[in-house]
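Below, chain A is the first sequence line, B the second, and so on; all start at residue 1.
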Amino acid sequence: MGKKKRTAISPTRSENYPEWYQQVVRAAELAETSAVRGCMVIKPWGYALWENIKAGLDGMFKATGHVNAYFPLFIPKSFLEKEAEHVEGFAKECAVVTHHRLEEGPDGGLVPAGELEEPLVVRPTSETIIGATYAKWVQSYRDLPILINQWANVVRWEMRTRLFLRTAEFLWQEGHTVHETEAEALEETRKMLDVYETFAESYMAMPVLVGEKTEGERFPGAVSTLCIEAMMQDGKALQAGTSHFLGQNFAKASEIQYQSREGRNEYAWTTSWGVSTRLIGGMIMTHADDDGMVMPPRLAPQHVVLMPVVRDEADRDAVMVYIEEIAEALRSMKVFDRLIEVVVDDRDIKPGEKGWSWVKKGIPIRAEIGQRELDEQSVFMARRDTGEKEGVSRDLFVSEMTKRLELMQADMLERAKAFRKAHSKEIDSMEDFKSFFTMQDEEYPELQGGFAWSHWCDGAACEEKISSELAVTIRLIPFDRDANGSGACVVCGGASVGRVVFAKSY
RNA sequence: CGGGGCGUAGCGCAGUCUGGUAGCGCGGUUGCUUUGGGAGCAAUAGGUCGGGAGUUCGAAUCUCUCCGCCCCGACCA
């Protein structure tokens with residue numbers, strides 16, 4: 001075994017992190033680039049993951065009193081113009097529909113015809129179109145609250161795209177709620193952030209920090225933006241979900257008014273909150289390794305693969321019967337309220353290639369079963385996250401599967417937490433701050449810094465200075481900021497009531 | 001939108017400078033030998049060299065033009 005260790009993904013994380021990411025997406029068959037610039041094809045394995053994410057979140061939305069609805073893909077340009085900051089934030093990345101017909105052109109091709117009186121914008125987000133609808137629905141305080149979510153695609157014409165992390169079109173959910181009072185809307189904003197936090201940690205096994213964005217990082221048009229931020233394996237932060245308190249800004253822009261209990265006309269208070277297919281990118285960069293994807297069992301498209309190993313064709317039938325018995329036993333069991341999903345892979349391809357294909361896809365448990373196992377009434381299994389391989393009795397393989405998958409889920413969260421802890425640091429001087437973000441680890445050149453917990457004076461100038469000099473931004477202001485002690489701003493030395501989190505980001 | 005690069009087989013590329021039969025690796029298919037963590041040998045299929053125009057006896061190669069993509073900058077879930 002003097003052979004050099006070969007990884008399934010090349011380059012490795014330490015060699016070239018961004019390229020490693022692209023290779024994992026491809027090798028795990030999660031998605032690929034499409035004929036349309038900046039848009040992705042989400043492949044069945046990746047889409048199944050998204051479906052599981054959807055199912056989990058949707059259940060949590062319903063449990064907090066929300067219902068689903070669907071609003072149009074197209075937004076009249078004039079709607080977008082109603083909220084000044086909102087326009088400014090999104091105008092540069094809007095796809096615009098100007099015609100409604102194609103006609104044969106002079107050189108045989110098709111040319112747009114039938115110009116629209118008013119151009120339609122393909123939704124980059126739906127505050128304005130939903131606001132216009134809500135304005136009609138809301139008359140009285142008795143109509144409130146409105147608690148609606150929609151699952152949809154949106155388009156943001158990005159210059160630079162990366163599969164799942166930033167594409168021109170992506171899938172997401174956007175919740176849009178209307179409330180009678182400011183306090184209720186604030187509570188809603190915070191409640192949905194808590195939903196996201198819970199989902200990230202207990203479903204995705206991805207630890208997140210929660211807090212509020214600075215003014216500069218806020219959603220265009222929002223009064224405040226709350227967020228969950230996760231640390232990727234290169235030490236960068238990923239904004240994984242946001243929940244916005246919109247105050248009365250959009251209510252005023254869309255004329256969402258109601259008659260109050262006192263009989264006065266009042267503007268309502270609104271919120272919006274969303275997570276997208278970007279979560280998949282976060283899962284990859286949290287859990288995947290140099291052999292490809294590692295699926296957290298709770299969201300894995302399938303949990304277990306059983307691979308027949310047949311040396312002598314005469315054994316085949318008996319081995320297959322043995323495998324089907326095991327598969328059936330597993331399929332009647334549950335993990336995280338889902339039936340355990342088992343795939344029997346009897347494709348006629350090389351055993352090595354078959355095994356590696358499942359490693360790369362990140363299936364939690366894979367097992368090789370042949371005549372030897374049949375004779376011993378055992379199973380030879382491997383656990384994807386740790387790489388541990390062992391022969392276990394058939395009975396234990398089956399009876400402990402739920403426990404095994406739950407343990408794996410818990411271990412993945414713990415490892416991610418440990419990684420974040422190892423790459424987080426309280427930093428109090430500009431010198432240390434700079435060196436933290438320019439760290440050159442010979443073993444891991446892509447990894448620079450992580451989360452720096454430093455004091456900040458709340459000044460936009462200090463935030464901007466760090467951003468332009470080091471490409472480091474304030475990812476969030478913790479809710480319990482003052483609990484970690486006051487100090488001096490790491491940039492200007494001014495008074496700070498507590499630390500905030502600085503990091504490079506996606 | 002600025003600066004740089006690339007379009008040749010399903011994928012990755014050589015060939016272009018210096019014009020002369022369309023190549024290599026991987027993958028695919030078939031057969032045989034193999035099979036307990038990425039097998040070997042052999043045969044075989046597969047291309048409008050991004051599109052158009054031009055120069056030439058002859059263009060992947062030279063010229064012009066259009067199109068697309070990638071990288072680096074300014075913006076972003």
query: Checking A:Asp345 side chain against A:Lys354 main chain: does a donor-acceptor pair fall under 3.5 Å?
result: no

field: For B:G46, the Watson-Crick or wobble partner whose two distances fall under 3.5 Å
entry: none

query: From the list B:A77, B:G36, B:G37, which nucleotide is the closest neighbour of the side chain of A:Glu373?
result: B:G36

message: Both distances below 3.5 Å, Watson-Crick or wobble geometry, any strand: find the nucleotide opposite B:G25.
response: B:C11

Closest listed nucleotide, where the reference is the side chain of A:Val359 and the choices are B:A39, B:A77, B:G37: B:G37

- prompt: Which value, in whole Å, describes the distance between the P atoms of nucleotides B:A42 and B:A9?
  reply: 25 Å

message: For a quick check, tell me whether the side chain of A:Gln371 and the base of B:G36 share a donor-acceptor pair closer than 3.5 Å.
response: no

field: Closest to side chain of A:Arg366, choosing from B:G37, B:C75, B:A77
entry: B:G37

- request: Write down the distance separating the C1' atoms in B:C57 and B:G10, rounded off to the nearest Å.
  value: 37 Å

- prompt: NA contact type, A:Ser276, heavy-atom cut-off 4.0 Å: base, sugar-phosphate, or nothing?
  reply: base

- request: Report the distance from atom CZ of A:Phe219 to atom P of B:C75, rounded to the nearest whole Å.
  value: 19 Å

- prompt: How many Å lie between CZ on A:Phe90 and P on B:C75, as a whole number?
  reply: 16 Å

task: Using the C1' atoms only, state how far B:C13 lies from B:G27, rounded to an integer number of Å.
output: 14 Å

- request: For A:Lys213, answer base if it contacts any base atom (sugar-phosphate contacts may also be present), sugar-phosphate if it contacts only those atoms, and nothing otherwise; contact means non-hydrogen atoms under 4.0 Å.
  value: nothing

Solution key, residues 213-220 of chain A side-chain donor-acceptor pairs under 3.5 Å, sequence neighbours excluded:
unit_1	atom_1	unit_2	atom_2	d
A:Lys213	NZ	A:Glu229	OE2	2.6
A:Lys213	NZ	A:Arg475	O	2.8
A:Thr214	OG1	A:Glu463	OE2	2.5
A:Arg218	NE	A:Val223	O	3.2
A:Arg218	NH1	A:Val223	O	3.4

message: With a 3.5 Å limit on both atom pairs, tell me what B:U63 is paired to, counting Watson-Crick and G-U wobble, or say none.
response: B:A53

Flag if over 12 foreign heavy atoms under 6.0 Å of CH2, A:Trp157: no

message: Under 4.0 Å, counting only non-hydrogen atoms across every strand here, what does A:Thr225 touch: a base, just sugar-phosphate, or nothing?
response: nothing

query: Nearest of B:A77, B:G38, B:G36 to any side-chain atom of A:Glu158?
result: B:A77

task: Under 4.0 Å between any heavy atoms, over every strand shown, what does A:Ala240 touch: base, sugar-phosphate, or nothing? Just pick one.
output: nothing

query: At under 4.0 Å between heavy atoms, what does A:Gln239 touch on the DNA or RNA strands: base, sugar-phosphate, or nothing?
result: sugar-phosphate

query: In terms of the nearest nucleotide of RNA chain B, which residue is placed more toward the 5' end: A:Arg26 or A:Gly89?
result: A:Arg26

- request: Choose from B:A77, B:G37, B:G38 the nucleotide whose nearest atom is closest to any side-chain atom of A:Ala382.
  value: B:G37

field: Residues A:Phe71, A:His176; criterion ring pair (Phe, Tyr, Trp, His ring centres under 6.0 Å); working and verdict
entry: CA-CA 11 Å; A:Phe71 296 86; A:His176 294 272; 7.5 Å; no

field: Selection from B:U35, B:A39, B:A77 that lies nearest to any side-chain heavy atom of A:Arg311
entry: B:U35

task: Return the nucleotide paired to B:C32: Watson-Crick means purine N1 to pyrimidine N3 with N6-O4 or O6-N4, wobble means G-U with N1-O2 and O6-N3, both under 3.5 Å.
output: B:G40

task: Counting Watson-Crick and G-U wobble pairs only, both distances under 3.5 Å, name the nucleotide matched with B:G2, or none.
output: B:C72

- prompt: How are the rings of A:Phe245 and A:Trp269 set to each other: parallel, tilted or perpendicular (split at 30° and 60°)?
  reply: parallel

task: Could you state the atom-to-atom distance from CE of A:Met192 to P of B:A77 in whole Å?
output: 19 Å

field: 5'-most by nearest nucleotide on RNA chain B - A:Glu93 or A:Thr33
entry: A:Thr33

- prompt: Atom CZ of A:Arg218 to atom P of B:A77: distance rounded to whole Å?
  reply: 14 Å

field: Whole-Å P distance, B:C17 and B:U63
entry: 9 Å

query: Between A:His423 (side chain) and A:Phe419 (backbone), is there a donor-acceptor pair under 3.5 Å?
result: yes

P-based separation of B:G5 from B:A22 [nearest Å]: 29 Å

- line: Whole-Å distance, A:Trp358 CH2 to B:G38 C1', equals 17 Å

field: Distance, P atom - from B:C6 to B:C24, rounded to whole angstrom
entry: 24 Å

task: Determine which nucleotide pairs with B:U18, using a 3.5 Å limit on both distances of a Watson-Crick or G-U wobble pair.
output: none

field: Nearest-Å distance for atom pair CD/P, residues A:Glu174 and B:A77
entry: 14 Å

- request: Kindly point out which of B:G38, B:C75, B:A77 is positioned nearest to the side chain of A:Thr167?
  value: B:A77

message: Determine whether a donor-acceptor pair (N or O, by modelled atom type, separation under 3.5 Å) exists between the side chain of A:Glu324 and the backbone of A:Val319.
response: no

query: If you measure from the Lys or Arg side-chain nitrogens to the Asp or Glu carboxylate oxygens, is any gap between A:Arg415 and A:Asp289 under 4.0 Å?
result: no

- prompt: Can A:Phe170 be called stacked on B:A77 when the rule is centres closer than 5.5 Å and an angle between planes below 30°?
  reply: yes

message: Distance check needed: B:A77 C1' versus A:Trp172 CH2, whole Å only.
response: 7 Å

Complementary nucleotide of B:G58, counting Watson-Crick and G-U pairs under 3.5 Å: none

- request: Could you label the plane-to-plane angle of the A:Trp20 and A:Tyr17 rings as parallel, tilted or perpendicular, counting under 30° as parallel and over 60° as perpendicular?
  value: tilted

- prompt: For atom P, what is the distance between B:A60 and B:G54, given to the nearest Å?
  reply: 15 Å

message: What contact category does A:Leu165 fall into here, base, sugar-phosphate, or nothing, at under 4.0 angstrom with non-hydrogen atoms?
response: base

- line: A:Tyr506 atom OH is separated from B:A77 atom P, nearest whole Å, by 16 Å

query: Using the C1' atom in both, what is the distance from B:G58 to B:G7, to the nearest Å?
result: 24 Å

Nucleotide nearest A:Pro351 when distance is taken to its side chain, options B:U35, B:A77, B:G37: B:U35

Side chain of A:Lys389 (C-beta onward), nearest among B:A77, B:G37, B:G36: B:G37

